[in-house]
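For reference, the structure is listed below as structure tokens.
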Amino acid sequence: MPRLVAFAQTELTTDFAILRVSQPERDDVLGFSFATTASGVISLGPGNKNSRVSVRVERWDSRPPTLDGWEDLDDMPFLEVPGAGPLVIAGFDPGETSLEIDGLGQSRVQVYANGRHRYHYGSPVDVDTLPPEQWLLRLYPSDDADPLVGGPRRNAGDGGLRSLPTNLWNAVLRNLRSTGWSDLLFQSAFGTLEQALWSAGGPVPRSELAALMVGHMRPGKKGGLDSESRWLGYAPVRHEEPDVLASLTGRHFTVTVGDAIDAVLELGLLLIERRGGEQLLLINPAPEPAWERIEMSGERLRHARLRAGRDHDEIATDLIAAIAWCGEAGLTATPRQMAIRWAASVNEVVGGLRILGGGGQLEPGNNIEFDSEFDPDEPLTLRRKSTS
């Protein structure tokens, strides 16, 4: 029967969603996924940039039974670095609570968490009014260092540095980011229009969208303006030189709020719907990617797709950590198997692979670049690019 050998427990407040349990001098932050591991390091992702967390770390003599009642769960390889000291629990600041792991060697760790999904980065929730997040880590001896076993991960939601698509409107609006338009047009009037769409929260009359845009241009007036059509002629709107939004639609400049809305309609990023005699503007749920609409150089295309894929950086963190555990042999699996292991969609896995491949973090061999096509059931062998 498995036996609890020792434990350490503490409560702390962290910043930048940093939480780690690591041996001294091994305090790498591996990324902002739910949990990733390396030799001597367990890197964890709290639910908010500023989080209060209660952490308990346990050492067992053999694999403990899986627990119920936890929102998030994973089981991953871990390796003690001999002579490197105990595991120290720390947040943004150095920690003082530690657990001796001398002689643990090759092992695995069960990671459990509750309370990570009550708020998100940028939300108005006062985290001091909530009970601390609960984290439980259970280390046990195991010769199995395969990062693909132990799944699938249980994950009740996104991590703390990612804004949640709390409804269908926000999820569709997020498509403007993943297709490259937000980054390409942010310095144009589109940046203000995108903020107004977030504020609208749903299909919106043209005049009301104009009022919301003007509210974002005039500090202190957000949401406090009437929705008269006169705001369509409000000027100036913010634009860059040259005005990309204008040039894409054959204009010299997007001078007024109405110009900006017309230009975005022409690009097909907004659609018109008639309801009860009223015209409403809504977001195109499947916009054509910016790089398919606009001719881009190789470097500009790489940058655009990298920025557009930043919502896939959590799965990219999981992938690069898993690849590191596989050494020279590399990680061999299909995109679908990876998706099942980390409770992600195939699209998220492909996005993560494109981030890593396009960013030069993987050895060549699978043509993992931003313009690659992926068969979800075709095995890939992934190796981390050597830095030597």
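For the atom pair L44 CG and T36 OG1, the distance stands at 8.0 Å (nearest 0.5 Å). Here the straight-line distance linking atom CG of N155 with atom CZ of F34 works out to 7.0 Å at 0.5 Å rounding. Note: L380 CG to D375 CG = 9.0 Å, rounded to the nearest 0.5 Å. The CG atom of L19 sits 13.5 Å away from atom CZ of F92, with the distance rounded to the nearest 0.5 Å. In this structure, the separation between CG on D74 and CG on L137 is 11.0 Å, given to the nearest 0.5 Å. Atom CG of D262 is separated from atom CG of L232 by 8.5 Å, given to the nearest 0.5 angstrom.
With R383 contributing its side chain and E328 its backbone, the two residues share a donor-acceptor pair below 3.5 Å. Checking side-chain atoms of Q106 against main-chain N and O of F78 turns up a donor-acceptor pair under 3.5 Å. In this structure, T256 contributes its side chain and D259 its backbone to a donor-acceptor pair below 3.5 Å. Checking side-chain atoms of Q134 against main-chain N and O of P132 turns up a donor-acceptor pair under 3.5 Å.
Of the N and O atoms on the side chains of E266 and T249, not one donor lies less than 3.5 Å from an acceptor on the other residue.
Shortest non-hydrogen contact noted between T334 and P376 is CB-O, 3.3 Å. Taking each heavy atom of I89 and A8 in turn, the nearest pair found is CD1-O, 4.2 Å. Annotation for E133 and S51: closest pair OE2-OG, 3.3 Å, computed over non-hydrogen atoms. Closest approach of Q110 to P65, counting heavy atoms only: OE1-O, 4.1 Å. P77 and T37 get closest at one heavy-atom pair: O-OG1, 2.6 Å. Residues E378 and P335 approach most closely at O-CD, 3.5 Å, considering heavy atoms.
Contact annotation: the side chain of Q9 approaches that of S54 to within less than 4.5 Å [non-hydrogen atoms, C-beta and beyond]. With contacts defined as side-chain heavy-atom distances shorter than 4.5 Å, the pair S107/E80 does not qualify. Considering only heavy atoms from C-beta on, L87 comes within 4.5 Å of L139 through its side chain. With contacts defined as side-chain heavy-atom distances shorter than 4.5 Å, the pair M338/I315 does not qualify. W169 is listed as a side-chain neighbour of L282, based on a closest heavy-atom distance under 4.5 Å. Side-chain atoms of L281 and L265, non-hydrogen and from C-beta on, do get closer than 4.5 Å to each other. With a 4.5 Å cut-off on side-chain heavy atoms, L270 and L197 count as touching. Using a 4.5 Å heavy-atom cutoff, the side chains of Y140 and D75 are in contact.
Checked for salt-bridge contact, R108 and D146 miss the test: no charged N lies under 4.0 Å from a carboxylate O. Ion pairing of E58 with R138 is present here, as a side-chain N (NZ or NE/NH1/NH2) and a carboxylate O approach within less than 4.0 Å. The pair D318-R341 does not count as a salt bridge, with every side-chain nitrogen at least 4.0 angstrom from each carboxylate oxygen.
Remark: D143 CG is loosely packed, at most 12 non-hydrogen atoms of other residues, nucleotides or ligands lying under 6.0 Å away.
Residues M76 and V149 are members of separate hydrophobic clusters, defined by side-chain heavy-atom contacts under 4.5 angstrom among Ile, Leu, Val, Met, Phe, Trp and Tyr. Tracing side-chain contacts under 4.5 Å through hydrophobic residues (I, L, V, M, F, W, Y), one never reaches L4 starting from L104; they form parts of separate clusters. Residues L99 and V53 share a single hydrophobic cluster, defined by chaining ILVMFWY side chains whose heavy atoms lie under 4.5 Å apart. Linking Ile, Leu, Val, Met, Phe, Trp and Tyr residues whenever their side-chain heavy atoms come within less than 4.5 Å leaves L67 and V5 in two separate clusters. Residues L271 and I261 fall within the same hydrophobic cluster, defined by Ile, Leu, Val, Met, Phe, Trp and Tyr side chains chained together at heavy-atom separations under 4.5 Å.
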Can you check side-chain contact (heavy atoms from CB on, under 4.5 Å) on N284 and L269, steps first, answer last?
CA-CA 5 Å; N284 184 346; L269 305 182; 5.5 Å; no
Determine whether R59 and D102 satisfy the following criterion, salt bridge (charged side-chain N to carboxylate O under 4.0 Å, His left out), listing intermediate values before the conclusion.
CA-CA 11 Å; R59 179 176 178 178; D102 186 46; over 6 Å; no
Between R293 and L267, does a side-chain contact (heavy atoms from CB on, under 4.5 Å) hold up when you go through it step by step?
CA-CA 9 Å; R293 182 71 177 268; L267 287 173; 4.0 Å; yes
Would you sort out whether R206 and I272 count as a side-chain contact (heavy atoms from CB on, under 4.5 Å), showing the intermediate values?
CA-CA 9 Å; R206 181 186 174 92; I272 296 175; over 6 Å; no
Any chance you could lay out the side-chain contact (heavy atoms from CB on, under 4.5 Å) test for R384 and I320, step after step, and finish with the verdict?
CA-CA 7 Å; R384 189 157 189 178; I320 204 68; 3.6 Å; yes
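Taking Ile, Leu, Val, Met, Phe, Trp and Tyr as hydrophobic and joining them when side-chain heavy atoms fall under 4.5 Å apart, one finds L79 in a cluster with W325. Annotation for V81: hydrophobic cluster partners, listed by chain and number, are none (ILVMFWY side-chain heavy atoms under 4.5 Å, direct or chained).
Using cut-offs of 30° and 60° on the angle between ring planes, the pair W70 and Y112 is tilted.
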